[in-house]
Amino acid sequence: MRSAERARAGALAIAALLAAATASAQPAGRRAAAGDDLSAVLEATTRAVGPAVVEIHTTAFVPADGRAGHGSDLVTTARGAGSGVVVDADGYIVTNAHVVRGAQRLRVDLPVPARGRSILAARTRSLPAEVVGIDLETDLAVIKVAASGLPVVRMGDSDELRAGQLVLAFGSPLGLQNSVSLGVVSAVARQLEPDAPMIYIQTDAPINAGSSGGPLVDLEGRLVGLNTLMLSRTGGYEGLGFAAPSNIVRTVYEHLRAHGRVRRGDIGVRAQTITPALAEGLGLAGDAGVVLADVLPRTSADVAGLRPGDLVLALDGKPMENSRQLQVGLYRRFVGDVVTLALLRDGQPVSVPVAVAERPDPLAPVSASADPRRNRVDMLGILAVALDPAVARLLPAVRIGRGVVVVSSAGADLDAVDGPLLPGDVICAVNRTPVADLMDLRQALASLPPGRPFVLQIERQGERAFLTFGRD
């Protein structure tokens with residue numbers, strides 16, 4: 001069965017099961033009405049959300065691999081498509097960064113209200129768009145079209161989502177404009193990379209290529225997530241879709257619209273989840289929760305008087321159960337906000353207000369100037385620059401004098417067995433072949449046997465490591 005057929009069959013099966021489950025609790029005479037009620041809700045939600053879902057078409061100019069020689073700048077045209085959702089009637093649209101990043105031209109297809117009840121595809125109007133801002137860390141972007149009075153989808157509170165809740169995913173999978181699929185929330189805070197502050201809503205609502213940037217909504221038509229990626233061994237729908245939570249989308253949208261970039265909040269602590277062994281060794285009062293392992297000097301946490309060993313009970317009144325929860329809670333705060341930490345210090349409860357400062361990003365000047373036409377390493381899906389004295393001064397610790405520095409890994413689709421490449425990593429060698437610049441790296445990767453695994457030697461935070469990459 002093809003991917004699209006599997007997706008449709010899965011959605012129909014879910015709807016049938018839900019209708020049957022609802023009906024089973026009803027008297028015999030009311031069972032048909034129960035299924036009709038669910039269908040009516042889904043239809044009403046689709047009618048309300050659909051007019052605000054757009055299709056985004058991109059045009060980019062990329063190096064003409066294999067045809068450029070002697071340093072000539074031959075390029076070819078690459079076209080792409082994705083989805084987006086209107087969140088402000090004056091033409092502001094949120095989508096994924098990977099949909100629009102590197103595009104020289106953007107065109108948005110907006111639905112035109114139907115005049116009748118035709119079952120044929122709805123008419124659209126096409127408008128040029130401009131990028132307001134891109135945030136690679138969350139893979140979110142804001143674009144704008146010159147229009148007003150547009151239908152919008154209002155944002156909901158993703159913190160209120162629960163596993164098992166029904167959701168609808170909208171988008172243009174495989175170019176099929178304004179498609180809708182039904183599923184449930186599989187998990188509300190899925191972390192795809194160890195220690196990453198970014199979390200995702202996992203859903204089994206069918207999401208396929210082209211759905212990126214479309215809205216994930218609850219049955220009240222509120223945006224609870226933005227469709228971002230899927231995990232698949234076949235390239236098609238397998239029930240593992242992931243959406244950026246609406247509370248993170250809202251924060252990034254507001255930052256990008258106001259500043260053109262996201263000002264990351266940080267208070268300067270390093271927290272750990274308390275385990276029974278950790279609690280016993282340190283003599284802590286409880287065997288669960290969060291303990292501050294470090295308070296960095298001259299940060300807002302240091303100024304507020306936080307100490308290593310403090311137990312974090314709550315952030316702004318919300319109980320903290322693990323370090324990731326604290327990290328995610330701080331991640332959504334604005335620079336300049338003041339958060340209140342409820343602590344347990346030496347057995348005594350303490351409440352400490354802490355100002356949220358802007359998180360330093362030493363590589364920001366380099367990543368902002370990186371040109372996808374010159375600095376992209378296609379096989380790894382990264383942007384990189386050669387290590388030179390100016391770049392070395394931006395890194396916290398560098399032992400090697402030559403190599404290639406990763407400045408963005410947001411587009412990476414090839415991860416190492418032990419984790420992905422990260423911004424700031426210095427690639428020293430491919431297998432045993434040293435690399436000193438981008439040309440060396442590209443040539444070393446191009447010479448690898450097809451389909452065989454390979455190893456990158458990297459330096460990360462002053463320490464050497466080997467990353468093994470497998471290729472199916």
Side-chain angles (χ1 to χ4, degrees), residues 87-88 92 94-97 101 131-144 155 157-159 189 191 193 195-200 226 244-271 290 292-307 310 312 314-318 320 323-343 351-370 394-396 407-410 422-424:
V87 294
D88 186 285
Y92 287 92
V94 293
T95 184
N96 286 132
R101 187 166 188 264
V131 175
V132 175
I134 289 176
D135 181 53
L136 298 178
E137 187 167 317
T138 56
D139 193 14
L140 296 172
V142 176
I143 64 175
K144 188 179 186 306
M155 291 201 191
D157 184 354
S158 54
D159 284 350
Q191 191 178 32
E193 296 178 6
D195 300 323
M198 186 62 187
I199 58 172
Y200 296 92
L226 199 76
S246 61
N247 288 347
I248 291 179
V249 174
R250 180 189 292 107
T251 299
V252 171
Y253 165 70
E254 291 172 353
H255 275 262
L256 292 179
R257 183 168 176 178
H259 310 291
R261 66 183 182 91
V262 176
R263 301 175 65 200
R264 302 281 176 209
D266 188 30
I267 64 173
V269 298
R270 298 297 175 261
V290 181
L292 298 185
D294 193 12
V295 177
L296 303 181
R298 297 180 298 279
T299 61
S300 55
D302 186 26
V303 172
L306 297 184
R307 305 174 189 170
D310 284 345
V312 181
L315 171 67
D316 287 339
K318 184 174 183 178
M320 293 290 107
S323 61
R324 184 181 71 179
Q325 188 181 20
L326 176 63
Q327 190 178 25
V328 171
L330 292 171
Y331 190 70
R332 297 205 301 259
R333 297 306 196 271
F334 286 94
V335 175
D337 285 352
V338 175
V339 297
T340 300
L341 293 179
L343 309 173
S351 181
V352 180
V354 185
V356 178
E358 185 165 4
R359 188 181 75 188
D361 181 7
L363 285 174
V366 180
S367 58
S369 62
L394 299 175
L395 300 175
V407 296
S408 173
S409 57
L422 301 176

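- One distance of note links CD of E137 with CD1 of I248; it measures 10.0 Å at 0.5 Å rounding.
- Under the rule for a side-chain contact (heavy atoms from CB on, under 4.5 Å), the partners of R250 that lie at least two apart in sequence or sit in another chain are M155, N247, E254.
- Contact detail for Y200 and A244: the closest heavy-atom pair is CD2-N, 4.0 Å.
- The two atoms that bring A301 and G268 nearest to each other are CB-O, 4.1 Å, heavy atoms only.
- Taking all atoms of both residues into account, the shortest heavy-atom contact from S300 to D266 is OG-O, 3.9 Å.
- Rounding to the nearest 0.5 angstrom, the gap separating the CG atom in L292 from the CG atom in D310 is 5.5 Å.
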key: Trace of the side chain to side chain contact (heavy atoms under 4.5 Å, CB included) decision for T340 with S351   = CA-CA 7 Å; T340 300; S351 181; 3.2 Å; yes
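- For the atom pair L341 CG and I267 CD1, the distance stands at 5.0 Å (nearest 0.5 Å).
- For the atom pair L226 CG and Y253 OH, the distance stands at 13.0 Å (nearest 0.5 Å).
- Contact of the V132 side chain with the I143 side chain is not registered, since no non-hydrogen atoms from C-beta on lie closer than 4.5 Å.
- Checked by atom type and distance alone, the side chain of N96 pairs as donor or acceptor with a backbone atom of D139 at under 3.5 Å.
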inquiry  = Assess the residue pair D316 and R333 against the criterion (side chain to side chain contact (heavy atoms under 4.5 Å, CB included)); give the C-alpha distance rounded to whole Å, side-chain angles, the decisive distance to 0.1 Å, and a yes or no.
reply    = CA-CA 11 Å; D316 287 339; R333 297 306 196 271; 2.9 Å; yes
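- Looking at heavy atoms from C-beta onward, V339 lies in side-chain contact with L315 at the 4.5 angstrom threshold.
- Annotation: side-chain contact (heavy atoms from CB on, under 4.5 Å) contacts of T251 (sequence neighbours excluded): H255, R332, F334.
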message = Checking D159 against K318 for the side chain to side chain contact (heavy atoms under 4.5 Å, CB included) test, could you report, in this order, the C-alpha distance in whole Å, the side-chain angles of both residues, the deciding distance, and whether it holds?
response = CA-CA 11 Å; D159 284 350; K318 184 174 183 178; 4.2 Å; yes
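- In this structure, CG in L343 is found 6.0 Å from CG in L306, a value given to the nearest 0.5 Å.
- Closest approach of A141 to I134, counting heavy atoms only: CB-CG1, 3.9 Å.
- Residues D302 and T299 have side chains that never bring a donor and an acceptor to within less than 3.5 angstrom of each other.
- When side chains are defined from C-beta on, D294 counts as touching L296, because their heavy atoms get closer than 4.5 Å.
- D88 is linked by a salt bridge (charged side-chain N to carboxylate O under 4.0 Å, His left out) to R257, counting only residues two or more places apart in sequence or in another chain.
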message = Walk me through whether V354 and V352 qualify under side chain to side chain contact (heavy atoms under 4.5 Å, CB included).
response = CA-CA 6 Å; V354 185; V352 180; 4.0 Å; yes
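- Annotation for D135 and A97: closest pair O-CB, 4.0 Å, computed over non-hydrogen atoms.
- Residue L330 holds its CG atom at 8.0 Å from CE of M320, rounded to the nearest 0.5 Å.
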